[in-house]
Structure formats: C-alpha cells, structure tokens
Participant: 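One structure, pasted below without further comment.
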Amino acid sequence: MGFESFAKPYLCGPKNRSMHNIDIDVVEMTLDIAKYVINRITNTSPELGKPMREEDLKALVGETVTEEGIGGEKALQLFKDVLVKATVPIDHPRHLAFVPASPSRAAVMFDLVTSASSIHGAYWMEGAGGIFCENEAMKWLVSLTGLPEGSFGVFTSGGTAANLSAMVTAREHWRRQATNQGKKGLIITSIGAHSSIKAMAQVIDVDVHLVDSEDRLLGGDLSNAINDLSPEERQRLFAVVATGGTTNAGIVDELDGVAKVCKKENLWFHVDAAYGGGALAADSVRHLFNGIEEADSITIDPHKWLFSPYDCGAVIYKEPELAKKAHSQEGSYLDIFKDEGARGFNPADYQIQLTRRVRGLPLWFSLAMHGTAKYKWAVERGIALAKSAARMIEEDPNLELVREPGLSCVLYRRKGWTPDDYKEWTFKNHKDGFALVTPTKWKNGDTYETVSRFCFINPDTTEDDIKAILDSM
Ligand SMILES: *Cc1c(COP(=O)(O)O)cnc(C)c1O
C-alpha cells in the first residue's frame with residue numbers, strides 16, 4: 001500500500017521505505033482498524049455521543065499533527081476514546097432527529113473497498129469497472145421512478161449537489177433560447193422545499209418564488225402562483241421544484257398535478273426526493289409519487305433512505321444530453337479517449353464535480369448482495385414504524401398527532417408543552433445517552449407551532465424504542 005510503506009510506519013520512525021515490503025506495522029494498523037470497523041458495524045446500539053467544545057477536545061487529545069507523527073496506534077486510540085464520542089452516531093436506533101441514516105454493513109464495508117481501489121470516477125477511461133457498477137445501481141433507481149427509456153443519472157455528493165446540478169441544467173437549457181439570454185431566471189417552489197433549493201438558487205443567481213404553504217403543493221396552487229406573477233416575472237420563470245417527501249413532514253407534493261402545469265406552461269419540472277426517494281421502492285406508498293415519471297430531473301439521496309454511507313446523492317435526468325450540454329468540461333488534457341474500451345459513460349459530464357469518488361459503489365455492492373426485495377422491506381419498515389408511532393400517540397392522552405404521518409415522518413405535540421419544554425426534553429434525552437429526538441416547527445395558518453418530530457430510517461428501531469421515548473414526555 002501507499003503512504004505508510006514509504007513515508008511513515010505505523011508505530012516507529014521511518015525505518016522501512018520500501019514500496020514493496022509488507023511492513024509489520026502496516027499489518028498491525030490494518031488489523032486494528034479492521035477490528036474497530038467490525039466492532040462498530042456490528043454494534044446496533046452505539047453510544048449516543050454528544051458534541052464537546054473545541055478547547056475541551058484539544059485539552060483531551062493534545063497535538064495530533066506533528067512533524068514526527070504521533071503514530072497510528074495513538075491516533076486511533078484518541079479517535080476511539082475521545083473524538084468519536086463527540087459525534088452523534090446517525091444510525092443509533094433512537095436517533096430519530098433530522099433525517100437519520102442506517103447504512104447497511106455491506107455498504108459500509110464496500111466503502112472501504114472503494115477507497116482501497118483508488119478509482120477516479122470522472123471518466124469511463126479510468127473508472128470503467130467502477131462506473132459500470134454505479135450504473136447498474138443507477139438503472140434500478142431510474143426504474144423506480146418510471147421515467148421513460150433513455151433517462152439516466154449520476155451519483156453526486158448529496159442532495160444539495162444533485163439539486164444544483166439539475167438547476168444548472170434547467171437554467172442553461174432555458175437560456176439557450178435566444179430570447180432568454182442574459183435574463184435572470186426564476187423558479188417556483190413551496191415553503192416546504194428543502195433549504196438547499198434556496199441556497200443553490202443563490203449560487204446560480206436565480207430568484208425563488210415561494211408558495212406559502214407547507215402542506216402538499218397542488219397543481220392548482222402552482223397555477224395560481226404562476227397567474228399571480230407579473231408579466232416580467234413570468235418571462236423569467238423557467239422551472240418548478242416539487243418535493244417528493246418534505247424533509248420536515250414527509251409530504252409528497254401533487255406530482256401529477258404539478259407535472260400537468262409544467263407541461264402546459266413549458267417549465268422544467270424538478271422533483272426533489274432527496275429524503276423521500278427511497279420510498280419509491282415501497283409498494284404501500286408508491287402511488288403518492290404518481291407523476292414523478294413526468295419529471296425532467298429528480299434528486300434522490302441514497303445516503304438518506306437507501307442505506308448508503310455518506311456521502312451519496314443522485315441526480316436523474318429525463319434527457320441526460322441536456323445535462324451534458326450544461327456540465328461537460330473541456331480541456332486539452334482530457335481529450336484522450338482513443339481506446340475503444342475508454343469510450344463510455346462519463347459521470348463528470350452530468351453534474352458539477354470533475355474528480356469524484358465512485359460513491360455509488362457501496363450502494364451497488366449492497367444491492368447486489370441483498371437484492372432489491374430487501375431494500376423494499378427495509379423502507380417499508382420505516383413507514384410501518386411511523387404508523388406504529390402514530391397509533392401510540394393517539395392512544396396517549398397527553399399526546400396528539402399534528403397530522404397523519406407523511407412517509408416515515410411523524411409530527412406530534414405534547415399537550416401543554418411550551419417550546420422550552422420540548423427543548424429541555426431533547427437536551428435531557430441526549431445528555432442521558434438515551435435518544436435524539438428534536439423539536440421542529442409546523443406552520444399552522446399564520447403561526448408556527450413548536451412540535452416534536454420523528455423520522456424513521458433505521459429498520460432496527462423497535463416499537464419498544466418508540467414507546468420508551470413517548471413515555472419520557
Ligand atoms: C436532505 C435534503 C436535501 C439536501 O441533501 P444533502 O444530501 O444534505 O445535500 C435536499 N432536499 C431534501 C428534500 C432533503 O431532504
């Protein structure tokens with residue numbers, strides 16, 4: 001292997017500089033790390049860590065980056081004993097805040113293989129075998145959407161990068177029309193959309209018109225919003241972003257209704273299903289996504305609800321050629337695809353990144369190992385947990401559902417609690433290493449109400465976990 005054998009042995013000074021001898025220290029490091037990894041991924045209830053102040057961490061670990069190096073054993077020890085405990089394991093079965101995650105063991109192990117294989121994932125020429133695997137996984141994702149033949153996508157660093165890649169494609173497509181050149185674009189979405197939509201609109205310098213409802217965006221709402229635009233704004237409008245599972249409440253917009261309006265008005269139709277996209281695999285809720293097959297582009301995060309380790313998002317296009325026109329980078333040093341085998345799919349052409357990890361590989365391996373039926377089961381489990389939680393909430397006289405669960409999100413209130421009560425309860429549970437369940441706000445008419453929220457991803461979460469959390473309120 002590379003670094004250790006020519007630069008810095010694991011424990012001692014630089015005694016063995018050969019590239020080819022297997023250094024005993026490297027073997028030891030490999031075993032130590034393998035042991036840590038195996039312990040970690042077989043531990044289904046890891047300690048629920050908490051953040052610490054930087055000064056306190058520094059006081060505990062001291063200098064770690066020094067001229068001589070502190071040695072791998074010491075560094076790993078510090079990481080295990082101190083640093084990792086100041087992180088919150090996102091796969092803890094009672095971590096139900098934000099959008100948690102639950103990467104499969106197969107995917108985590110293959111993440112190590114991905115790094116070890118040193119594959120450059122930008123171009124087929126260098127990454128063919130790895131990109132082939134990514135594309136096999138991508139074909140399954142695309143099949144879940146029901147998009148027409150020819151639709152395809154690429155793995156990105158996450159939903160933000162996927163949304164950005166799609167928005168750039170949409171905007172460039174719109175601006176290729178002579179009448180739109182030099183114009184500042186405008187997109188419409190609802191306040192239920194993820195913050196990354198607004199943030200990425202800033203990056204590409206387009207305006208955002210927000211439909212002021214966190215509930216399901218209907219085709220009719222969209223029509224009204226378009227009709228309310230000034231003629232100048234209507235000319236700048238080029239895209240609509242619907243959400244396929246809002247991050248806060250799991251609400252899927254009326255995608256078929258929105259699709260119709262987009263078609264009529266000649267607008268790019270993007271579906272941000274970063275969180276909810278996994279639920280396309282679940283037969284029980286698939287109908288909620290009807291109309292997604294009309295989208296021009298779709299974002300899905302395998303690192304959210306498809307059990308991939310961070311980071312892995314995906315962007316899918318109905319017409320990948322349009323993405324290529326927007327994203328393909330030119331460079332004389334990139335122009336060397338002479339070999340037959342070197343001609344193929346180049347992920348760099350379809351999203352914002354050039355050099356990239358083949359980050360779809362862990363998903364591919366886990367899918368290949370387990371089969372897609374296992375994925376269906378695991379996603380259905382999250383939906384079933386949300387339903388169980390809703391039932392328990394209804395049966396508890398102190399609690400009240402805010403709305404029926406959306407996908408695997410449950411919003412509920414503890415009767416009589418103030419926003420501070422929710423906050424204190426969250427801090428106490430976290431401090432005790434018991435659970436991480438954070439409050440959120442739900443827009444009710446003109447006011448925002450603080451409520452409690454669950455988001456289920458981890459199929460190892462149990463009904464007893466939910467009960468214990470509810471009982472602590
Ligand atoms: C999480 C999320 C994003 C952002 O994805 P990242 O992977 O965090 O960049 C975008 N949209 C929605 C709907 C999300 O839930």
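Atoms within a ligand are numbered from 1 in the order they appear, just like the ligands themselves. What you are looking at is a predicted structure, and each value in this text was computed from that prediction instead of being measured. Heads up: numbering here begins at 1 and tracks the sequence. Computation of the quantities below employed the complete heavy-atom set of this structure, encompassing side-chain atoms and omitting hydrogens, waters and symmetry-equivalent molecules.
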Participant: Between His270 and Ser297, do the side chains contain a donor N or O and an acceptor N or O under 3.5 Å apart?
Facilitator: yes
Participant: I'd like the contact residues of ligand 1, where contact means a heavy atom below 4.0 Å.
Facilitator: Gly158, Gly159, Thr160, Asn163, His194, Ser196, Thr247, Asp272, Ala274, Tyr275, Asp301, His303, Lys304
Participant: Do Glu463 and Ser388 have side-chain N/O donor and acceptor atoms under 3.5 Å apart?
Facilitator: yes
Participant: Side chains of Ser452 and Tyr412: any donor to acceptor distance under 3.5 Å?
Facilitator: yes
Participant: Rounded to the nearest 0.5 Å, how far apart are CG of Leu385 and CD of Glu380?
Facilitator: 11.5 Å
Participant: Would you please name every residue forming a ring-ring contact (aromatic ring centres under 6.0 Å, His included) with Phe132, sequence neighbours left out?
Facilitator: none
Participant: Answer yes when Arg359 and Asp111 have at least one side-chain N-carboxylate O distance shorter than 4.0 Å, and no when they do not.
Facilitator: no
